[in-house]
There are 4 protein chains.
Amino acid sequence: MNILSLREKKAVKKKEEILKSAVEIMAGKGYHAVTVEEVASRLLMTKGSVYYYFNDKEDLLYQSIRMLMEQTIDKIRSVLEEEITIVEKLKKAIVQHTISIISERSGFSISIRLEQIFTGRYLEELIQLREEYSEDFDTLLEKGMEEGLFISTNVKVVRNLIFGAMNGVVQWYSQEGEMDKKEFAEMIANHLLRLILKSK
Amino acid sequence: MNILSLREKKAVKKKEEILKSAVEIMAGKGYHAVTVEEVASRLLMTKGSVYYYFNDKEDLLYQSIRMLMEQTIDKIRSVLEEEITIVEKLKKAIVQHTISIISERSGFSISIRLEQIFTGRYLEELIQLREEYSEDFDTLLEKGMEEGLFISTNVKVVRNLIFGAMNGVVQWYSQEGEMDKKEFAEMIANHLLRLILKSK
Amino acid sequence: MNILSLREKKAVKKKEEILKSAVEIMAGKGYHAVTVEEVASRLLMTKGSVYYYFNDKEDLLYQSIRMLMEQTIDKIRSVLEEEITIVEKLKKAIVQHTISIISERSGFSISIRLEQIFTGRYLEELIQLREEYSEDFDTLLEKGMEEGLFISTNVKVVRNLIFGAMNGVVQWYSQEGEMDKKEFAEMIANHLLRLILKSK
Amino acid sequence: MNILSLREKKAVKKKEEILKSAVEIMAGKGYHAVTVEEVASRLLMTKGSVYYYFNDKEDLLYQSIRMLMEQTIDKIRSVLEEEITIVEKLKKAIVQHTISIISERSGFSISIRLEQIFTGRYLEELIQLREEYSEDFDTLLEKGMEEGLFISTNVKVVRNLIFGAMNGVVQWYSQEGEMDKKEFAEMIANHLLRLILKSK
DNA sequence: AATGAATGAGCTTTCATTCAT
DNA sequence: CATGAATGAAAGCTCATTCAT
């Protein structure tokens, strides 16, 4: 498996570079500021080359977002598999997500208004991915409720509130004097756990 | 003061209509989908006319956002002046903000990445306004802490988490089966209060 | 009826100028050589202006072809209404069509592979128009057969052969030493009538 | 002569495949729809390879058209060499040409506006070829006139009318319910002979 | 021989902005 | 005041062509 010729490896690498270039611009100036021209010129390429690797701009943005989402999902999944308590899992998940948001700014990919950017199959697949991610969280919340650790309530509402609060972080983190990311994320997690933890 | 000739009154009214038209489009299709052409055509005007009332597109958007922000600020301020407990004030503020978001969708104006859209003086003034709004909330939170009703913590962090959670609502409210707005907003408020209320 | 303001008249005129510009290029270099840029620059306009009058390039070409087709149809219809014999009508129709082809080169609009250029509604309407034109000819041929003037045969086949021969003229007329157009067209008609006239 | 090494033979074969691929696309979607990319991909090649065999796109198209023209000329020449009457030769030539058009669609190569596509030497040579083909027809017509079988008239005019009618067939044949090609072509020939045959 | 990769010119289209009337 | 008209800058995309390997 994964037998790629040198050429293919190079091509994969190039694609990734392009995706990263696009992500950087998105993170800095927003999706609508992304032009194929700029994505290319950051890599000292020309527009034409980008079109060699991607069908069109929507495809490029789609794959960018997809990459970010998958990275975040992977991290959260590995947290879920650790042998720790539900509460710790939830906390770690929030910390992880928050770190993703403030470091790679991938958080926006979860909170984005996908419908305003994508169409057709692209849209469907990203929505699907977002839902998978949500379900991972929901499962965790449900378990906590069953075990009597969390308050009994509407899972989706709580999950969405937590998501909203986390994703919002991207907008104000930098103002907070660049506190250590890990530390910052843990503080956030501690706060957000109050939304769901049963108070003694 | 406030003595406007008939002509001036008409002009003011026209401006407001244009602003509303712009806001509608923003709410529906998002920020970047706003074109001067569409703003005008919704009012059976032509593009040229819009430029009679506004210097340029940035000006138009600036004033739109400003109007939304001011409306929301006004509502929150009148809540703050009511003769009710701090906790009730906070709850009412959250309810009010949430309703604004899901009905007029003005919430986006608070959560928007202003820096990605505005420049120069426009940007400064909107940031200023956003801060005023934040301070109103902060004052409330501080009072609650002083009175021992709220947990003692970093006010800005909690305020930003609450803002994030509230603003995120715009993205998932409609899926919730169109529950009554007031009722929905109160549910949200009850959840979010847990972030700050001391548990007995 | 037909009450147009001065402005509207000007606009109509402008549209016509643009259509003519497009037709000229088509006639000279073929459809695919038509660029919006060139259509505009021939009128000392900019591309942008053309898009003020037409939705897109397909719309521009559609209206160009349509205009040509309608002009040709009109001429043939007035021939059909004249009080002359069937044979004379057919001859005049052929003459007229031939003259159209070699002078305004509108002939190509009939013979063009519409499917290779147009799509959707545009395509449908032009095909419809082409069929109307064909029917006018067919009716004439049928009458002639009924009256025993023409040989009895498949109308569509004969009509299509005549069309093909006439439309082909555009490709070789200029080589013929610029004979007088009318005279030339009559010669063509005399030849083509042999296809259908009963020989004594 | 004609001593080609295995390598050379392979190269010739490859070239022919590429030419056929180009012709197929032309026949199906028209001239301007031919892209080097598609020509190559139909043969599971890459664009680069095509450029190994042809100088540039014009060269590729030139050789494609040339091949079609030569094939058609060959067929007509063998008809001319048969030991049959002039009238039968003309009829057979028309049948043959018509069949070529509707089966291989090579007809377009004769009727195409070469000047809109080719330049320089390419253009000259194709025009030359087209003229050779025309002369074969013209010789036949002249002989028929000399023998008193055909009406006395301008040979070129008649030849061009016949060409136009035949070439036009490509546009409407398919609508005719897919009549047998041979039968169809003979019907066409019988009609077109009326253009030139002396009526008794 | 063949190909993957890159390029650049050219085209269509959108849209904020201006301005004479 | 309002509008029709025009403009030009930017963006997306296609494709013939080149070239190192």
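All values derive from a computational prediction rather than experimental measurement. Lettering follows sequence order; numbering is per chain, from 1.
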(message) With salt bridge (Lys or Arg N to Asp or Glu O under 4.0 Å) as the rule and sequence neighbours excluded, what pairs involving residues 22-35 of chain C come up?
(response)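 Sorted result for residues 22-35 of chain C: E24(C)-R42(C), K29(C)-E38(C).
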(message) Once salt bridge (Lys or Arg N to Asp or Glu O under 4.0 Å) is applied, what residue pairs with a partner in residues 54-68 of chain A remain, sequence neighbours excluded?
(response)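 Residue pairs with at least one partner in residues 54-68 of chain A: R66(A)-E70(A), R66(A)-E125(A).
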(message) Between E124(C) and R130(C), does any NZ, NE, NH1 or NH2 come within less than 4.0 Å of an OD or OE carboxylate oxygen?
(response)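 Judged by the 4.0 Å cut-off on N to carboxylate O distance, R130(C) and E124(C) do not form a salt bridge.
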(message) Can you tell whether the side chains of E8(A) and K15(A) come within less than 4.0 Å, N to carboxylate O?
(response)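 The answer is no: the pair does not qualify as a salt bridge.
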Could you tell me how far apart [X] ([atom1]) and [N] ([atom2]) are, to the nearest whole angstrom?
{"X": "E8(A)", "N": "dT3(E)", "atom1": "CD", "atom2": "P", "value": "14 Å"}
{"X": "K15(A)", "N": "dG4(E)", "atom1": "NZ", "atom2": "P", "value": "15 Å"}
{"X": "E37(C)", "N": "dC11(E)", "atom1": "CD", "atom2": "P", "value": "8 Å"}
{"X": "I25(C)", "N": "dC11(E)", "atom1": "CD1", "atom2": "C1'", "value": "14 Å"}
{"X": "L61(B)", "N": "dC15(E)", "atom1": "CG", "atom2": "C1'", "value": "13 Å"}
{"X": "R7(A)", "N": "dA2(E)", "atom1": "CZ", "atom2": "P", "value": "14 Å"}
{"X": "H32(D)", "N": "dC11(E)", "atom1": "NE2", "atom2": "C1'", "value": "14 Å"}

(message) Are there runs of at least three consecutive Watson-Crick or G-U pairs touching DNA chain E, with each pair's two distances under 3.5 angstrom? Give them by first number.
(response)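 So the stems come out as E:2-21 with F:2-21.
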(request) Could you check V34(C) against K10(A) and say which one's nearest nucleotide on DNA chain E is further toward the 5' end? (result)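 The residue mapped nearer the 5' terminus is K10(A).
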(message) Can you give me the closest heavy-atom contact between Q116(D) and M26(C), atom names plus distance?
(response)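 It is NE2-O, 4.4 Å.
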Base, sugar-phosphate, or nothing for [X], non-hydrogen atoms under 4.0 angstrom?
{"X": "Y53(B)", "result": "sugar-phosphate"}
{"X": "A11(B)", "result": "nothing"}
{"X": "V39(D)", "result": "nothing"}

(message) Taking any atom closer than 4.0 angstrom to a non-hydrogen atom of chain A, what span of DNA chain F does the protein reach, first nucleotide to last?
(response)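 Here the contact window of chain A covers dA11(F) to dT14(F).
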(request) Sorted by first residue and then second, give each ring pair (Phe, Tyr, Trp, His ring centres under 6.0 Å) pair with at least one member in residues 33-69 of chain D; sequence neighbours left out. (result)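 Output for this query lists Y62(D)-Y122(D).
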Interface polar pairs with nucleotides 7-10 of chain E, N/O, under 3.5 angstrom:
residue	atom	partner	partner atom	Å
dT7(E)	OP2	T46(A)	N	3.3
dT7(E)	OP2	T46(A)	OG1	3.3
dT7(E)	OP2	S49(A)	OG	2.8

